[in-house]
There are 2 protein chains.
Amino acid sequence: MVRLAGELFAQKGYRATTVREIADAAGILSGSLYHHFDSKESIGDEILSGFLDEVLADYRGAVASGDGPREVLEQIVRTSSHTLVRHRAALAMLQNDWSYFAAQPRFAYLRKDLREIERIWTGELQRGKDLGLFRADLDVKLTYRLLREILWIPVHWRQPGGFSTDQVVDAFLRLLFEGITA
Amino acid sequence: MVRLAGELFAQKGYRATTVREIADAAGILSGSLYHHFDSKESIGDEILSGFLDEVLADYRGAVASGDGPREVLEQIVRTSSHTLVRHRAALAMLQNDWSYFAAQPRFAYLRKDLREIERIWTGELQRGKDLGLFRADLDVKLTYRLLREILWIPVHWRQPGGFSTDQVVDAFLRLLFEGITA
DNA sequence: GTCTATATCGAGATAGAC
DNA sequence: GTCTATCTCGATATAGAC
C-alpha cells in the first residue's frame with residue numbers, strides 16, 4: 001500500500017496524486033483507504049522518514065570509515081546513489097513538493113536531516129582543502145549546494161532509454177574531481 | 001500585477017500560491033483580479049513564456065558568436081545566469097510545478113524549448129570532444145543533464161546570506177572545467 | 001475490509017451592484 | 001476597477017451499512 005502510493009508519488013509528485021488514484025491503483029475505493037491509513041500525510045511521512053533514515057546511515061557510515069575526504073565523498077556518492085534510486089518516491093516528493101512539506105511542523109525533521117547532510121559534505125570538502133587535496137579557492141558551502149543538487153536529481157530521469165545508476169555515478173565523480181577538460 | 005504574482009510564485013511555487021494571496025498582495029479582493037486576468041493559468045503562461053524567450057535568446061546569441069565550444073558554454077553560463085535571476089519566478093515554477101505544467105497542452109512549448117536548450121548544450125559538448133578540448137569519454141547527454149540542473153538551481157537559494165550570481169557562476173565554471181581537485 | 005453516501009473544505013472562477 | 005455574494009469543482013476525510 002505504501003509502495004503503491006510511493007509509485008504514484010514518484011511519477012507525479014505528492015500533491016498531484018489524489019487518494020482516489022491511490023485507491024484505484026490498489027483496486028479499492030477511496031473511502032476504504034482510510035481503514036489502512038489515517039491520512040495521506042501519514043503516508044508521506046512514512047516514505048520521507050524512511051528515506052532520510054537510510055540516506056543518513058549512508059553518510060554516517062562513509063564518515064565513520066575513517067578514510068580521506070576524497071574516499072569519503074566517493075563512498076557517499078556511490079552508496080547513497082543506490083539508496084536514492086530505491087527511494088525515488090521520497091526524492092520526487094522532496095523535489096516536487098518541497099515547499100509544501102517544508103512549511104509543515106510535522107515535517108520539521110526534513111530540514112534538520114538535510115542540515116546534517118550539508119555539515120558532512122562541507123566538513124569533508126574543508127578537510128580536503130586543509131590537506132591540500134582540493135583547490136584552496138573552493139567555497140565549501142557553495143560547492144556543496146551545487147553538488148548535492150546534481151546528485152539528487154538523476155533519479156528524476158530514469159525513464160526513457162535511461163542511464164544506469166552506475167553510469168550516472170561515474171560521470172558525476174569524474175566531473176566532480178576532474179571537470180570536463182581533456 | 002504579474003510581477004506581484006511572480007514574487008509569490010517564486011517564494012512558494014505556482015500551485016501553492018492561491019489567487020486570494022495574489023489579490024491580498026495587490027490590496028484587492030480575489031474577484032477583482034479577474035478584471036485584469038482571465039485565469040491564474042494565463043499569468044503562469046505569461047511568466048513562463050517570457051522567461052523562455054529570453055533565455056533562448058541568450059543561448060542562440062552565444063552559439064551565433066562563432067567562438068569555440070568552451071567560450072560558447074562559458075558565455076551561455078554567464079549570460080543566462082543573470083537571466084535566470086531576473087526570472088526566478090519562472091524558474092521556481094519549473095522546479096516546483098514541472099509535472100503540473102508538463103501535463104498540459106497549453107504549456108507544450110516548455111518541452112520544445114527545453115529540447116532546443118539540450119541540443120545546444122550537447123552540440124557544444126560534442127564539438128569540444130571532436131576538437132580534443134573535452135575528455136573523449138564524456139557522455140554528452142548525461143553531462144548536459146547533470147550540468148543544466150546545477151545551473152538552474154542556484155536561484156532557489158538566494159535568500160539567507162546568499163552568494164552573488166557572479167560567485168555562483170565562477171564556482172560553477174571552475175567546477176565544470178577543472179573539477180575540485182587541486 | 002470494503003462498500004455507499006456524504007460531510008467539509010479550499011480553490012478557481014463568475015455575476016452583477018456600486 | 002473593486003466590491004459582495006455565490007457557483008462549481010475536486011480533494012481529503014468520515015459514518016455507518018454489509
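Computed over heavy atoms, backbone and side chain alike; hydrogens, waters and symmetry mates excluded. By convention in this document, chain letters (A, B, ...) are assigned in the order of the sequence lines, proteins followed by strands, and residues within each chain are numbered from 1.
Using a 4.5 Å cut-off on side-chain heavy atoms (C-beta onward), Leu48(A) and Tyr109(A) make contact.
Electrostatic pairing of Glu41(A) and Arg106(A) counts as a salt bridge here, judged by a charged N lying under 4.0 Å from a carboxylate O. Classification of Lys12(A) and Glu21(A) as a salt-bridged pair holds, one side-chain N sitting under 4.0 Å from a carboxylate O. Comment: Glu7(A) does not engage Arg3(A) in a salt bridge, judged by the lack of any side-chain N to carboxylate O separation of less than 4.0 angstrom. A salt bridge links Glu116(A) with Arg60(A): at least one charged nitrogen is closer than 4.0 Å to a carboxylate oxygen. Look at Arg78(B) and Asp170(B) and you find a salt bridge, because one of the NZ, NE, NH1 or NH2 atoms lies within 4.0 Å of a carboxylate O, short of that distance.
For the pair Asp38(A) and Thr18(A), nearest-nucleotide mapping onto DNA chain D gives the more 5' position to Thr18(A).
As a whole-Å value, the separation of Lys12(B) NZ from dA11(C) C1' is 13 Å. Atom CG in Asp45(B) sits about 17 Å away from atom P in dG12(C), given to the nearest Å. Here the C1' atom of nucleotide dG10(D) and the CZ atom of Arg15(B) are 15 Å apart, to the nearest Å. In this structure, the CD atom of Glu41(B) is 12 Å from the C1' atom of dA13(C), given to the nearest Å. Following rounding to the nearest Å, Ile43(A) (CD1) and dA11(D) (C1') show an atom-to-atom distance of 14 Å. When the P atom of dA11(D) is taken as reference, atom OH of Tyr100(A) falls 14 Å away, rounded to whole Å. Between the CG atom of Leu33(A) and the P atom of dA5(C) there is a distance of 19 Å, rounded to whole Å. Rounded to whole Å, atom C1' of dC9(D) lies 15 Å from atom NZ of Lys40(B).
Taking the six-membered ring for Trp and thresholds of 30 and 60 degrees, His87(A) and Phe51(A) have ring planes inclined between 30 and 60 degrees apart.
Considering only side-chain N and O atoms, His35(A) lies nowhere under 4.0 angstrom from the phosphate OP1 or OP2 of dC3(C). Close to dG1(D), at under 4.0 Å from its OP1 or OP2, lies no side-chain N or O of Ser32(B).
Annotation: the terminal axes of the helix from dG1(C)-dC18(D) to dC18(C)-dG1(D) meet at 0°, where each axis is the rotation carrying the C1' atoms of four end pairs onto the next four (5 pairs per end, rounded to 10°).
Remark: Val19(B), Arg20(B), Gly31(B) in residues 19-31 of chain B come within less than 4.0 Å of DNA chain C through at least one heavy atom.
When atom types are taken as modelled, the side chain of Arg135(A) and the backbone of Gly179(B) share a donor-acceptor pair closer than 3.5 angstrom.
If you check dA13(D), dG12(C), dA11(D) against the side chain of Tyr34(B), the one that comes closest is dG12(C).
Looking at every heavy atom in both residues, Gly13(B) comes nearest to Thr17(B) through O-OG1, 2.7 Å.
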